[in-house]
Every structure is written in C-alpha cells, then in structure tokens.
Amino acid sequence: MTADLRYEQFKLRPGGALRGEVTVPGDKSVSHRAVMLAAIAQGRSEIRNWLAAGDTEATLGALRDLGVQIERHDANTLSIDGGGLRESARPLNLMNAGTGIRLLAGIMAGQDFPSVLDGSVQLRRRPMKRITDPLMLMGADIESSNGGCPLRIRPAALQGISYEMPVASAQVKSAILLAGLYGDSSTTVIQPGPARDHTERMLRSLGVDISADGAGGNAITVVPNDSLTPLDMTVPGDASSAAFLLVAGMLAPDSDLIVKGVNLNPTRTGLLDVLEEMGADLAVSNLDEQAGEPIGDIRLRTSQLRGIEIGGETVVRMIDEFPILMVAALRAEGETLVRDAKELRVKETDRIAVMAQELRKLGAEIEEREDGFRIDGPQNLTGAQVDGHDDHRIAMSLTVAGLIAAEGTVVTDAACAGDSFPGFAEALIGSGARLLPE
Ligand code: S3P
C-alpha cells in the first residue's frame with residue numbers, strides 16, 4: 001500500500017458490479033493512537049498494517065520532530081523506540097488531522113518542555129476549546145488562537161480531575177485520558193454516549209489501570225502511569241473505509257463483495273446496524289480478534305434499501321459514516337431522517353451542508369436540518385461535476401454517488417481521499433467499479 005498515490009480527480013460511469021474480495025487499509029483511529037502510545041512507552045514497539053495515509057503520516061512526522069526514533073521497514077510496518085520525547089525545534093504540523101492534534105495535545109500537556117501544535121488552514125478552523133477547557137482544568141498551560149490552533153503548550157503540573165464531557169467525542173475523551181497519565185491522581189471522564197474506545201483498549205493492553213464504570217460504562221477512570229509497556233500489534237482494517245465499499249456494492253447492480261478483516265468494535269459499527277435495519281443484504285463471518293479489537297469479514301450483495309430514522313447513541317457509533325449514508329438514503333425507498341448529528345458540522349468540513357450542496361449538483365433533493373437531514377427516496381441522480389472540498393469522506397462519498405448517477409460524473413479535489421484511504425480508487429476498480437482516476 002503506497003502512501004502517496006493520490007489523484008486530482010475521479011471520473012465515474014455507472015453500471016459496474018462490485019464483486020470478489022477486497023481488503024481496506026489499517027484503521028485510522030487505531031493507527032494514530034498506536035504511534036503516539038509507542039512514542040511514550042518504554043522500549044521498542046512493533047506495529048504492522050499501520051495506515052500510511054495523509055492524516056496518520058502527519059502524526060508520525062510530529063513524533064519524529066519530537067525526537068522519536070522510527071524505523072520503517074515498509075510503508076505499513078514500523079518499529080518505534082519510545083520513551084525519549086524532547087522539545088521540537090519547530091511547530092508540530094498535524095496538517096488536516098483532528099485526531100492527531102487533539103490527542104497529541106493531551107500528551108504534550110504532560111511534558112516538561114513546551115510545544116506548539118498547528119495544522120492546515122482547514123484544521124485551524126476546527127474547535128479546540130473542547131480539549132483546552134478540560135486540559136486547563138487539569139492545570140495545563142495552553143494558549144489557543146481564538147479557540148483553535150495553533151496551540152501553545154507550556155510545561156505545567158497536572159492534577160487528576162473528574163470531567164463530564166458536553167459532547168460524546170472520542171478525541172476529547174482520549175486527550176483527557178492521555179493527559180491523565182501525567183496527573184497527580186486518577187482522572188475520570190464521563191461521556192454522554194459510547195464514543196469509540198480504542199484509547200481505553202490500548203492503554204489497558206499496555207498495563208495502564210483504566211476502568212469503565214457507571215451507567216453503560218460511560219465513566220472512564222485512568223490511573224497515572226509513566227511506564228507503558230511497548231506495543232506489538234497488527235492494526236485491523238478500517239470500518240470507516242470499508243463503509244464506502246459496502247454502500248457502493250449495495251447500490252451497484254449485481255454486486256457480491258466481501259470486505260475482509262474489518263474492525264468490528266461495537267463503538268464503530270453503527271452503520272452496519274443501520275444498513276441492516278434499512279434492509280441491506282449483508283453478513284458477517286470469520287469473527288476473530290486483532291490488537292484487542294473484534295474483526296471480521298463483511299459480505300454484501302446488491303440490496304433494495306428502505307428509509308429509517310436515526311438518532312441518539314447510534315449517531316456516535318457511525319459519526320464518520322453520514323456522508324456515505326446520505327448517498328444510500330437517496331436510493332432507499334421512503335424517508336430517511338437523521339437527528340442528533342450536529343457534530344457533523346464541525347468535522348473536516350460542515351458535512352451536512354457540503355454533502356447537501358454537492359449532491360444537489362447531481363439532482364438530489366435533501367432537506368438540511370440543524371442537527372441532521374431528511375431525504376425522500378428513491379431518487380435518481382444525474383451526472384455532473386462535484387467537488388471533494390479537501391474532505392476525504394466527502395470526496396469518497398461523492399465518488400460512490402457518481403457510480404450510481406447517469407453517465408459523466410467527475411469528482412474534483414479528490415486527492416484528499418488519501419488522507420484516510422490510500423488505494424481507494426484501486427479497491428473500487430479492482431472490484432469492478434467504472435472509475436478512472438486522473
Ligand atoms: C476519532 C473520533 C471522532 C471521529 C474521527 C476520529 C478518533 O471524532 O469523527 O474521525 O479517532 O478519536 P470526535 O471525537 O470529534 O467525534
């Protein structure tokens with residue numbers, strides 16, 4: 001899997017059935033965490049099937065600037081010598097990676113040297129107060145720029161806190177838990193719903209005392225620890241990348257596709273539950289465990305979907321999958337109504353507004369709501385030129401829309417697909433999609 005295979009645009013034609021077996025690259029969330037935890041663990045970590053993509057390479061570059069020794073056997077196989085972070089000579093550039101900057105801020109808050117965390121114009125627009133507020137409650141010394149990055153972090157002694165998160169965000173939860181490793185006493189984070197729990201799983205496997213209590217296990221407590229054991233892990237396939245192939249296969253005619261080795265962590269499988277409720281023909285097999293995460297193969301066949309209502313906790317379990325769900329909803333019979341999904345407005349882009357705007361160019365009718373959207377289907381899409389807005393999940397969702405639109409769809413600004421899914425075009429083409437990357 002190459003990290004830098006990027007295309008400016010994708011040209012799509014309808015009609016290709018998606019068949020055979022396909023794998024997706026390593027999980028982005030797990031890959032960010034793997035290299036950060038390896039950097040602070042004591043000793044040499046081994047990481048296989050690491051996601052070599054724009055966002056995760058940005059995190060790896062920041063760690064390199066912090067003096068971390070990284071041996072790269074190939075794009076996806078790394079040995080990392082942890083335990084020796086030192087001050088970076090320049091600001092850490094997390095590019096477009098929200099997970100990268102928010103989690104690393106938690107770690108940097110606990111170091112005895114200063115750091116500056118920054119990123120792209122897009123990242124500078126994203127809210128950081130959600131992490132700086134709780135980190136400052138712990139005693140962290142952070143200066144932000146109008147509630148965003150750059151973040152200037154100076155050394156400070158951290159205290160353990162108990163913090164109730166206003167939003168169910170795994171990035172916020174993880175930033176606090178990682179800072180909690182450096183606290184003077186234990187730290188508890190209370191989440192309103194089940195945000196992805198990769199940080200908790202990984203910290204536990206590295207010998208950290210971390211527990212989930214309270215209703216639904218939503219109060220997570222970490223005990224400070226400065227001697228994490230090194231990691232030895234193979235990163236599972238990314239469920240959020242698999243989502244594009246699943247929906248493409250479901251909507252294309254005569255498809256029968258198996259996506260292999262996908263992370264089936266229940267905090268990530270909201271889309272699978274929703275697609276099943278919509279009537280999708282999908283089946284999970286070969287259940288196993290990898291790196292403390294459940295994995296399996298997902299087989300899907302062309303399906304006639306029906307619209308449903310989605311809200312509450314399911315939303316958190318599929319927060320990155322709403323752009324592609326919008327495409328599925330357009331082809332589903334009846335009404336699909338999404339609520340409680342306001343968080344979509346502060347992702348790489350405002351994903352409700354941007355998807356609605358671009359899909360309308362393909363002739364779609366979408367009712368935007370403050371916290372979601374309503375779509376009446378099925379709708380036929382016409383070919384047009386649409387734009388990926390430098391947001392990987394927008395570009396890939398529009399590509400799938402192009403596969404079911406009438407002839408002649410072009411997705412411009414498609415290079416960002418490589419921020420999370422290098423090989424996206426190759427996976428679709430290899431399965432039979434009529435896609436021409438340029
Ligand atoms: C992520 C958490 C989610 C998700 C993002 C990855 C993570 O963000 O949207 O793509 O790895 O922790 P929020 O925590 O902002 O919901």
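Every heavy atom of this structure was used, including side-chain atoms; hydrogens, water molecules and symmetry mates were not. Each ligand, and each atom within it, is numbered from 1 in the order the structure gives. Quick note: residue numbers are just sequence positions, from 1.
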Discussion item. What's the separation between atom CG in L151 and atom CD1 in I142, rounded to the nearest 0.5 Å?
Written reply: 6.5 Å

Worksheet entry | ligand 1 to D320 polar contact by distance, N or O atoms, under 3.5 Å | yes

Worksheet entry | Any donor-acceptor N or O pair under 3.5 Å, side chains T234, N49 | no

Worksheet item: Going by the angle between their ring planes, with limits at 30° and 60°, are F424 and F244 parallel, tilted or perpendicular?
Response: perpendicular

Worksheet item: Considering distance alone, does some N or O of A170 sit under 3.5 Å from an N or O of ligand 1?
Response: yes

Discussion item. Tell me the contacting part of R196 for ligand 1: side chain, backbone, both, or neither, using a 4.0 Å heavy-atom threshold, strictly below.
Written reply: side chain

Fill in: Atom indices of ligand 1 within 4.0 angstrom of I319 heavy atoms, with elements
9 (O)

Item to complete: For ligand 1, note which part of H198 has a heavy atom under 4.0 Å away: side chain, backbone, both or neither.
Response: neither

Item to complete: Using salt bridge (charged side-chain N to carboxylate O under 4.0 Å, His left out) as the criterion, point out the one residue from K28, R351, R268 that pairs with D320.
Response: R351

Practice prompt. Please report the shortest heavy-atom distance between S162 and I190, naming the atom on each side.
Written response: OG-CD1, 3.9 Å

Discussion item. Looking at ligand 1, would R33 count as a contact under a 4.0 Å heavy-atom criterion?
Written reply: yes

Worksheet item: Under 4.5 Å between any side-chain heavy atoms of V346 and R125, yes or no?
Response: no

Worksheet, complete the sentence: Among V30, V346, T99, V316, the residue with a heavy atom nearest to atom 6 (C) of ligand 1 is T99

Worksheet item: Closer than 4.0 angstrom: is that true for some heavy atom of K347 and an atom of ligand 1?
Response: yes

Response to the item:
Of all protein heavy atoms, the one nearest atom 14 (O) of ligand 1 is S169 OG, 2.6 Å

Fill in: Pairwise side-chain contact, S45 with D232, heavy-atom cut-off 4.5 Å (strictly under)
no

Worksheet item: So, is R393 polar-close to ligand 1, with some N/O to N/O distance under 3.5 Å?
Response: no

Worksheet item: Do the side chains of L181 and L203 get nearer than 4.5 Å, heavy atoms only?
Response: yes

Worksheet item: If we only count N/O pairs under 3.5 Å, is Q171 in contact with ligand 1?
Response: yes

